[in-house]
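Here is the structure we will look at, set down as structure tokens.
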Amino acid sequence: MLAPTHTRSHRPAADGVEIRLPWWAVALPAVAFAALLLMILSPGQAQAATTDPALGQLIERTFRLLFR
């Protein structure tokens, strides 16, 4: 005689979806963004930059306007 099999229904909750990320999935993009932002904001240290750093000045002025 075979034992009855029970199938379990694991349906996700209808009221919302829960997504859990590891800590590094948030930390690594944040660190990369900060590093790129620092490189953009300090173009004066670049040896190949012979012209006026217009992009850096634009970002500086934008920050000054936003954070007065």
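- Hydrophobic clustering (side-chain heavy atoms under 4.5 Å, transitive across Ile, Leu, Val, Met, Phe, Trp, Tyr) keeps Ile19 apart from Trp24.
- Cluster membership check: Leu65 does not share its hydrophobic cluster with Leu58, using side-chain heavy-atom separations under 4.5 Å among Ile, Leu, Val, Met, Phe, Trp and Tyr.
- Atom CH2 of Trp23 sits about 6.5 Å away from atom CG of Leu28, to the nearest 0.5 Å.
- Taking CD1 of Ile59 as the start and CG of Leu66 as the end, the distance is 11.5 Å to the nearest 0.5 Å.
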